[in-house]
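Below are the C-alpha cells for one structure; questions will follow.
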Amino acid sequence: IKNKTEITYIKQTFMRKIIAKKMEESWKIPAFTLVKNIGIDTLLTYRKELSLKVSITAILAYVIAKALIKRPEMNGIYEDGVVGLGKNVNLGIAMDTPDGLIVPNIFHAESMQILEIHKTLIELKGQQKMKKLTPDLFMNGTFTLTNLGMMGVNSFRALINPPQIGILSIGNIQKQF
C-alpha cells in the first residue's frame with residue numbers, strides 16, 4: 001500500500017492501563033451535560049479578603065463540599081444497580097500529570113475550611129510530583145471536581161469517575177459585558 005506508515009507500539013505503564021480502564025468504564029455511564037455561565041464576583045471578592053492567596057479550585061472544592069451536604073443525592077456512588085449515598089464528602093480532584101489524568105480524593109471535605117482544603121491540594125500536588133500518592137487516595141470518592149479554567153478552556157464535558165454519580169467541570173473565568 002502506497003501511503004502505509006510504520007507503527008511503533010508503546011508499552012503502557014500500570015498507571016496508563018488503569019487510566020484507560022477507568023475512561024472506558026466512564027464512557028458506558030449514561031450522562032448529560034449542562035453548561036451555565038455564573039457570576040463569581042462575590043467569590044473573587046471573598047478570595048481577596050482571605051489571609052492567604054488560595055486557588056479558585058480550593059474555594060470551589062469548599063463550596064461544592066458544603067453544597068453536597070445540602071444535596072446528598074449527588075454525593076455518592078452507583079454500584080451493582082444500587083445508589084449509595086455518602087455520609088461524608090470525599091471530593092475527587094482531577095489532576096493532569098505527565099503519566100495521565102489522576103483523581104485523588106480530599107476525604108471529609110465537608111468538615112474542612114478553605115485554608116485546609118488549599119493546603120491539602122498543595123500536599124496532593126507535591127505528593128504527585130514526587131510520585132508518592134498512595135492507592136488509598138484514589139478510593140472511596142463520592143464526587144469529582146475538574147477545573148480546566150487555568151488552561152483557558154471555556155467549557156468541557158467531563159467524564160464521571162466510576163462508581164461516583166457526579167462530576168462538576170469548571171471552565172475559565174471571563175468578564176461579562
Item to check | Test: E25 and K21 ion pair at under 4.0 Å | outcome: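 Salt bridge flag = yes for K21 with E25.
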Checklist entry - So, do V89 and I69 sit near enough that their side-chain heavy atoms are less than 4.5 Å apart? => result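 V89 reaches I69 side chain to side chain.
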Checklist entry - Looking only at heavy atoms, what is the nearest atom pair of M95 and K125, with distance? => result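 Here M95 and K125 meet closest at CE-CG, 3.6 Å.
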Checklist entry - Once you round to the nearest 0.5 Å, how far does OG of S26 lie from CD of Q164? => result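 Taking OG in S26 and CD in Q164, the distance rounds to 10.0 Å.
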Next on the checklist: So if I apply the side chain to side chain contact (heavy atoms under 4.5 Å, CB included) rule between I59 and each of I64, I114, I40, which one comes out positive?
Outcome noted: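 For I59, the side chain to side chain contact (heavy atoms under 4.5 Å, CB included) test succeeds with only one of I64, I114, I40, which is I114.
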Checklist entry - Considering only heavy atoms from C-beta outward, does the side chain of L115 approach that of S51 to under 4.5 Å? => result yes
Checklist entry - Charged N to carboxylate O below 4.0 Å: is that the case for R71 and E73? => result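 Yes, charged N to carboxylate O under 4.0 Å.
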Checklist entry - What distance separates M112 CE from I106 CD1, expressed to the nearest 0.5 Å? => result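 Rounded to the nearest 0.5 Å, the CE-CD1 separation comes out at 6.5 Å.
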Item to check | Criterion salt bridge (charged side-chain N to carboxylate O under 4.0 Å, His left out) against D99, the qualifying member of K129, K131, R16 | outcome: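 Testing D99 for a salt bridge (charged side-chain N to carboxylate O under 4.0 Å, His left out) against K129, K131, R16 leaves exactly one candidate, K131.
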Item to check | Pairwise distance CD1(I77) to CG(N140) - rounded to 0.5 angstrom | outcome: 8.0 Å
Checklist entry - For A94 and L101, which heavy atoms make the closest approach, and how far apart are they? => result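 Shortest heavy-atom contact: CB-CD1, 3.9 Å.
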Item to check | Euclidean distance, F138 CZ relative to L133 CG, rounded to 0.5 Å | outcome: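 Separation between the atoms: 4.5 Å.
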Item to check | Smallest separation among heavy atoms of N147 and I170, with atom names | outcome: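 Result for this residue pair: OD1-O, 3.4 Å.
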Next on the checklist: Please find the pair of heavy atoms, one from N75 and one from N88, that lie closest to each other, and give the distance.
Outcome noted: ND2-O, 3.1 Å
Checklist entry - Hey, what do you get for CD1 (I102) to CG (L124), rounding to the nearest 0.5 Å? => result 8.5 Å
Item to check | Hydrophobic cluster membership, I18 vs M139, 4.5 Å side-chain cutoff | outcome: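 Result: no, two separate clusters.
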Next on the checklist: Consider side chain to side chain contact (heavy atoms under 4.5 Å, CB included). Of I56, I38, I173, which one does L43 pass it with?
Outcome noted: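 Passing option: I56.
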Next on the checklist: Minimum heavy-atom separation for K66 and E110, please, with both atom names.
Outcome noted: NZ-O, 2.6 Å
Item to check | Distance-only donor-acceptor check, side chains N154 and N172, under 3.5 Å | outcome: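 A donor-acceptor contact under 3.5 Å links the two side chains.
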Next on the checklist: Could you measure the distance from the CE atom of M74 to the CG atom of L68? Nearest 0.5 Å is fine.
Outcome noted: 7.5 Å
Checklist entry - Is there a side-chain contact between I165 and F143, using heavy atoms and a 4.5 Å cut-off? => result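 The answer is no, as the side chains (C-beta and beyond) never meet within the 4.5 Å cut-off.
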Item to check | Heavy-atom closest contact (S55 atom, L121 atom, distance) | outcome: OG-CD1, 4.2 Å
Checklist entry - Hydrophobic clusters join Ile, Leu, Val, Met, Phe, Trp and Tyr when side-chain heavy atoms are under 4.5 Å apart, directly or via other members; which others share one with M151? => result L148, M150, V153, F156
